[in-house]
Amino acid sequence: MQGDKKILYSAVQPTNNLTIGNYIGAVKNFVALQEEYDCIYAIANMHAITVRQDAAQLRKNTLSLLALYLACGIDPQKCVLYLQSHVPAHAELAWTLNTFTYVGEMERMTQFKDKSAKHADNINMGLMDYPVLMAADILLYQTDVVPVGVDQRQHLEITRDIAVRFNNAYSPTFTVPEGIYMKVGAKINDLLDPSKKMSKSAENANGAVFMSDDRDTIIRKFRRAVTDSMAEIKYDPSNKPGVSNLLSIYSVFGGMDIADCERQFEGCGYGDFKLAVGELVADKLAPIQAEQAKLLADKQYLNDVLKSGAERAAHRAAKTLAKVYKKIGFYQL
Ligand code: ATP
Ligand code: LTN
């Protein structure tokens, strides 16, 4: 707790362009939660390098993600918004937590196994250690809650395990965080293969809708989305994964319940339904894209936001790190 507000922490990696899956599962909720919680939002560039990145592109994606956060409505006066590599305490706590984490636990992580298969030529130590760095991010700020998509649930569980393990070995040091998962949209699926999550690093870019896609591209991608042969617009994820995914997207962008969406499209053909989803998404993204472009033209402002965010984050992180170093027996001057 900070004052009377619970502490909330989350982050997104500046890899590629964000998809509407990232927006729905993460960023959109970040905006909604900033009134109720003491929010800390990071750009996780240290996580990003666990997969090989082009340096110039990573720099560009970093500012682009910052501008997107701001364009979506994250207010740097209300939240701490910062770049992970600007606060050295993340790497320092991660090192310490490594000694409270077992190799076997990391080898069993689903994301590690998936990414190892995808990047078989670069299964580096950082890729395996990714969840420990994420635990350090969260635990440094005495976080109460972490809003993420369901794909991150396992990482949150291991964060809790590491926190409890450390607290039991010494004395209560870390707050044990809870995950927050949205009912609708915690997992948006690929438009062409609705059995897979929509991912920014998808092999086929037609299955993912990017936050930067223009109107025609968005509509074309939704037109090609896979549905089924039942010709009925009903939410039934196990039997109708494609249609259910489109209904989730429509429901979130339209701010309506799934049941209302089903009613709205009763008797409607799949072609018209897909066009309506595409048009709604394009309409909602247009003002965000315009604002993002405007912000990207003002580099001084973006740098000021990062500088102030880093100072505030570092100040808070230092308190936890000092506590940890004292407990483990690092000699203090
Ligand atoms: P990559 O494809 O590069 O691994 P990613 O698309 O999974 O990236 P991250 O930066 O790892 O993106 O995730 C940012 C946030 O977006 C996380 O909270 C994650 O849970 C959420 N998220 C990612 N994909 C989806 C999705 N398809 N549906 C809902 N939430 C998602
Ligand atoms: N691994 C996360 C990004 C991330 C994160 C965090 C999320 C890095 N550190 C701390 C929540 C809390 C992902 O979304 N892929």
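We count ligands from 1, going down the list as the structure has it; atoms in each ligand are counted the same way.
Sequence neighbours left out, not one pair with a member in residues 185-244 passes ring pair (Phe, Tyr, Trp, His ring centres under 6.0 Å).
For H47 (side chain) and Y130 (main-chain N/O), a donor-acceptor pair under 3.5 Å exists by modelled atom type. Proximity of a side-chain donor or acceptor of D144 to a complementary backbone N or O of I7 within less than 3.5 Å is detected.
Using a 4.0 Å cut-off between charged side-chain N and carboxylate O, K78 and E35 make a salt bridge. Contact check on K284 versus E279 returns no salt bridge, with no Lys/Arg side-chain nitrogen under 4.0 Å from an Asp/Glu carboxylate oxygen.
Pocket lining of ligand 2, defined as residues with a non-hydrogen atom under 4.0 Å away: Y9, S10, A11, Q13, A44, H47, Y130, M134, D137, I138, V146, V148, Q152.
For an aromatic pair to be called close, the ring centres must be under 6.0 Å apart, and Y41 with Y82 fails this.
Membership of the apolar cluster around L133 extends to M46, as traced through chained side-chain contacts below 4.5 Å between ILVMFWY residues.
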- Decide yes or no on side-chain contact (heavy atoms from CB on, under 4.5 Å) for T15 and N61, but give the supporting numbers first. CA-CA 7 Å; T15 45; N61 288 341; 5.7 Å; no
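Hydrophobic clustering places L97 together with V103 (ILVMFWY residues linked when any side-chain heavy atoms are closer than 4.5 Å, directly or through intermediates).
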Identify all N/O pairs between ligand 1 and the protein with a separation under 3.5 Å and present them as a table of atom names and distances.
| residue | atom | partner | partner atom | Å |
| --- | --- | --- | --- | --- |
| ligand 1 | 2 (O) | S199 | OG | 2.5 |
| ligand 1 | 2 (O) | K200 | N | 3.4 |
| ligand 1 | 2 (O) | S201 | N | 3.4 |
| ligand 1 | 2 (O) | S201 | OG | 2.7 |
| ligand 1 | 3 (O) | T15 | OG1 | 3.4 |
| ligand 1 | 4 (O) | K115 | NZ | 3.0 |
| ligand 1 | 6 (O) | N22 | ND2 | 3.2 |
| ligand 1 | 6 (O) | K200 | N | 3.3 |
| ligand 1 | 7 (O) | K197 | NZ | 2.4 |
| ligand 1 | 8 (O) | K200 | NZ | 3.4 |
| ligand 1 | 10 (O) | Q13 | N | 3.2 |
| ligand 1 | 10 (O) | K200 | NZ | 2.8 |
| ligand 1 | 11 (O) | Q13 | NE2 | 3.1 |
| ligand 1 | 12 (O) | N22 | ND2 | 3.1 |
| ligand 1 | 12 (O) | K200 | NZ | 3.2 |
| ligand 1 | 16 (O) | N22 | ND2 | 3.2 |
| ligand 1 | 18 (O) | G149 | N | 3.3 |
| ligand 1 | 20 (O) | G149 | N | 2.8 |
| ligand 1 | 20 (O) | D151 | OD1 | 2.5 |
| ligand 1 | 27 (N) | I188 | O | 2.7 |
| ligand 1 | 27 (N) | M198 | N | 3.4 |
| ligand 1 | 27 (N) | M198 | O | 2.9 |
| ligand 1 | 28 (N) | I188 | N | 2.8 |
| ligand 1 | 30 (N) | G21 | O | 3.2 |

